[in-house]
Enquirer: 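Shown below is the structure under consideration.
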Amino acid sequence: MARDFKLIFSISLLLLLLDYCYGGKVGVCYGRSADDLPTPAKVVQLIQQHNIKYVRIYDYNSQVLKAFGNTSIELMIGVPNSDLNAFSQSQSNVDTWLKNSVLPYYPTTKITYITVGAESTDDPHINASSFVVPAMQNVLTGLRKVGLSRRIKVSTTLSLGILSRSFPPSAGAFNSSYAYFLRPMLEFLAENKSPFMIDLYPYYAYRDSPNNVSLDYVLFESSSEVIDPNTGLLYKNMFDAQVDALYYALTALNFRTIKIMVTETGWPTKGSPKEKAAASPDNAETYNSNIIRHVVTNQGTPAKPGEAMNVYIFSLFNENRKTGLDSERNWGLFYPDQTSVYQLDFTGKSNGFHSNSSGTNSSGSSNSWCIASSKASERDLKGALDWACGPGNVDCTAIQPSQPCFQPDTLVSHASFVFNSYFQQNRATDVACSFGGAGVKVNKDPSYDKCIYITAGGNKTKATNATALTSSASTKSGNELLRWILKLCLMISLFFSLHSMNSQPL
């Protein structure tokens, strides 16, 4: 009896720690919005040749499902937004769909996830998000009827637009206009231990604001860090900052146990004229190589160090039928003839990453200042000013009445002084002058009369000491956590070895 209790206890503990003992998983998105793609059978061969073990598709095409049969590839299938209404209205519709379109291929085809809707809050054609949770519930009920609710997880994918605020990460908050949809969805995910699926694209942040966002920061190549003023955590890439913003948003609603899965991320190799500085094969190879290495080495994020995360790279092929800017048709890892657009190692073991020689340094120079953008709205300026003087920890005494920077008594003038103070205190990084687009970097000193705008050099000792202390504490904490986890994993492994020896017949 005691032996059985120990075994049950150890198995439970082992399951709890599996995410920490093993690295995250990297998959690829197989979109088919093109008229020149190879057959599904050839696609599967290509995927196997490149040792890709996890694939996301956006529908439940029978030829594709059949092609993945008798492989070890784990498949995420999707219910398109166009099906959400029917799936939400009738359980029989879902049961029939499972019977005709899923079960004939399972378990020969290793289906592990069903995404019910894709970025439904961004769908301009239908009120898709209102159908998502009822449709998810019906899909789960259908899976329970056939005994597959624990083997196939149900969720939905969302874009970062679900957040109203993502910087600093600790201030991450969901958009209140989606409250009708979010809470029941999160309750569903928590109850069924399904992941929160998100599509993250740091590329767009750089493309849309190249003067305020560092290319190195979004490519995982930055040598400097952005400090979250509320937590003291240091961020060396935008991906981690976006993920942690989601974790903090979940925590704010008291959903602390839901895991995050990144169901799309990537970088285009070609773009329209406005995208040429960002969209290139070198940048795409750098970003995707670094994200793969980041995931498989189980680095986690500053708020969740060492925590495994699953990430899917978008996309397998260039898709010539997509509309929009040129970049929309050029996210592929492979051309339709199955040749590589650039080399990518899905094991994350390769050190031959192409560095981006055209990238800009994410650290501001000593003669850079940050001021309020003349294009920013009064609402955005006031919101950013209030944040900087509050959670941003900026000393705003100088803009108070009778102080040197009070005159001129305008929102733009006060915001400019405060923006620059925050910018310089955070090592003059491009991201620290973002303020949601309300800030802009300048090379001309905006100081006037007795109102002196500090530079990074003037605040160097204080900033450097604070950064060093925070970095040291963060590194020490992360190392101790990893050592603790490894010890537990080793002890569990040893226990099972001894149990196996003791249970052998004499």
Side-chain angles (χ1 to χ4, degrees), residues 15 18-32 37-61 63-78 102 105-115 148 150-155 157 193-195 197-200 239 259-267 284-285 287-300 307-317 331-334 338-351 353:
L15 291 174
L18 274 177
D19 280 349
Y20 293 97
C21 297
Y22 299 97
K25 301 172 182 176
V26 177
V28 68
C29 300
Y30 171 23
R32 304 194 316 281
L37 298 183
T39 65
K42 290 184 177 179
V43 171
V44 170
Q45 291 178 359
L46 177 69
I47 288 170
Q48 291 176 316
Q49 289 170 7
H50 289 270
N51 201 33
I52 299 169
K53 301 182 183 299
Y54 309 94
V55 174
R56 176 190 176 189
I57 62 173
Y58 295 82
D59 55 16
Y60 42 88
N61 179 278
Q63 289 184 320
V64 175
L65 292 181
K66 185 176 180 180
F68 279 94
N70 297 308
T71 70
S72 60
I73 299 167
E74 294 187 14
L75 195 64
M76 179 188 298
I77 68 173
V102 178
Y105 307 99
Y106 185 90
T108 304
T109 297
K110 198 174 180 181
I111 300 170
T112 54
Y113 292 97
I114 296 177
T115 60
L148 295 178
R150 294 187 178 182
R151 296 186 180 183
I152 301 177
K153 291 294 182 181
V154 178
S155 188
T157 66
K193 296 181 173 59
S194 293
M197 295 181 168
I198 189 75
D199 299 341
L200 293 183
F239 179 87
K259 303 289 186 182
I260 290 175
M261 176 185 289
V262 179
T263 42
E264 283 185 17
T265 194
W267 200 281
E285 181 177 2
Y287 178 82
N288 285 330
S289 295
N290 285 338
I291 190 71
I292 290 172
R293 180 170 56 176
H294 190 67
V295 170
V296 300
T297 55
N298 231 31
Q299 294 180 29
E307 182 159 312
M309 180 187 301
N310 298 341
V311 172
Y312 287 75
I313 304 295
F314 184 87
S315 181
L316 192 62
F317 294 106
W331 291 81
L333 306 177
F334 299 94
Q338 302 177 62
T339 58
S340 298
V341 179
Y342 52 88
Q343 297 301 314
L344 197 62
D345 175 18
F346 273 84
T347 68
K349 296 177 180 178
S350 172
N351 290 321
F353 304 132

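Counting begins at 1 with the first residue of the sequence.
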Enquirer: Listed by chain and number, what are the ring pair (Phe, Tyr, Trp, His ring centres under 6.0 Å) partners of Tyr58, not counting sequence neighbours?
Expert: none
Enquirer: Which heavy atom of Gly31 sits nearest to which heavy atom of Ser315, and what is that distance?
Expert: N-OG, 3.7 Å
Enquirer: With a cut-off of 6.0 Å (strictly less than), are more than 12 heavy atoms of other residues, nucleotides or ligands near CD of Gln338?
Expert: yes
Enquirer: Going by heavy atoms in the side chains, are Ser289 and Leu344 under 4.5 Å from each other?
Expert: yes
Enquirer: Mind jotting down which residue pairs meet the salt bridge (charged side-chain N to carboxylate O under 4.0 Å, His left out) criterion with at least one end in residues 47-58? Sequence neighbours excluded, please.
Expert: Arg56-Asp199, Arg56-Glu264
Enquirer: Just jot down the salt bridge (Lys or Arg N to Asp or Glu O under 4.0 Å) partners of Lys110, sequence neighbours excluded, or say none.
Expert: Glu74
Enquirer: Between CD1 of Ile313 and CD1 of Ile292, what distance do you get to the nearest 0.5 Å?
Expert: 5.0 Å
Enquirer: Which residues pass the side-chain hydrogen bond (donor to acceptor under 3.5 Å, both in side chains) test with Thr265, not counting sequence neighbours?
Expert: Tyr287
Enquirer: Side chains of Leu65 and Ile57, heavy atoms from C-beta outward: is any pair under 4.5 Å?
Expert: yes
Enquirer: Considering residues at least two apart in sequence or located in another chain, which fulfil the side-chain contact (heavy atoms from CB on, under 4.5 Å) criterion with Thr108?
Expert: Asn70
Enquirer: Taking Asn310 for its side chain and Lys25 for its backbone only, find out whether a donor-acceptor pair lies under 3.5 Å.
Expert: yes
Enquirer: Identify the heavy atoms of Gln299 and Arg293 that sit nearest to each other, and give their distance.
Expert: NE2-O, 4.2 Å
Enquirer: The criterion is side-chain hydrogen bond (donor to acceptor under 3.5 Å, both in side chains); which residues satisfy it with Tyr60, sequence neighbours excluded?
Expert: Asp83
Enquirer: Measuring from atom OH of Tyr30 to atom CG of Asn61, what distance do you get when rounded to the nearest 0.5 angstrom?
Expert: 8.0 Å
Enquirer: When rounded to the nearest 0.5 angstrom, what distance separates OH in Tyr54 from CZ in Phe346?
Expert: 12.5 Å
Enquirer: Under a 4.5 Å cut-off applied to non-hydrogen side-chain atoms, are Val311 and Phe239 in contact?
Expert: yes
Enquirer: Would you say Ser194's side chain and Lys153's backbone share a donor-acceptor pair under 3.5 angstrom?
Expert: no
Enquirer: Show me, pair by pair, the donor-acceptor contacts under 3.5 angstrom made by side chains of residues 37-48, not counting sequence neighbours?
Expert:
unit_1	atom_1	unit_2	atom_2	d
Thr39	OG1	Lys42	N	3.3

Enquirer: Measure the CD1-OG1 distance between Ile198 and Thr263 for me, rounded to the nearest 0.5 Å.
Expert: 7.0 Å
Enquirer: Would you please name every residue forming a side-chain contact (heavy atoms from CB on, under 4.5 Å) with Thr109, sequence neighbours left out?
Expert: Phe68, Leu75, Tyr105, Ile111
Enquirer: Could you tell me if the side chain of Glu307 sits less than 4.5 Å from the side chain of Lys259, heavy atoms only?
Expert: yes
Enquirer: Hey, does Leu333 have a side-chain heavy atom less than 4.5 Å from the side chain of Val341?
Expert: no
Enquirer: Nearest 0.5 Å please: distance from the OH atom of Tyr113 over to the CE atom of Met197.
Expert: 6.0 Å
Enquirer: Look at the side chain of Asn298 and the backbone N and O of Gly24, then say whether any donor-acceptor pair between them is shorter than 3.5 Å.
Expert: yes
Enquirer: What pairs with Tyr342 under side-chain hydrogen bond (donor to acceptor under 3.5 Å, both in side chains), at least two apart in sequence or on another chain?
Expert: Asn288
Enquirer: Please report the interatomic distance CD1(Ile77) to OG1(Thr115), rounded to the nearest 0.5 Å.
Expert: 8.0 Å
Enquirer: Using side-chain heavy atoms (C-beta onward) and a distance below 4.5 Å, is Ser340 in contact with His50?
Expert: yes
Enquirer: Please identify each residue that fulfils side-chain hydrogen bond (donor to acceptor under 3.5 Å, both in side chains) with Thr339, with sequence neighbours left out.
Expert: Asp337
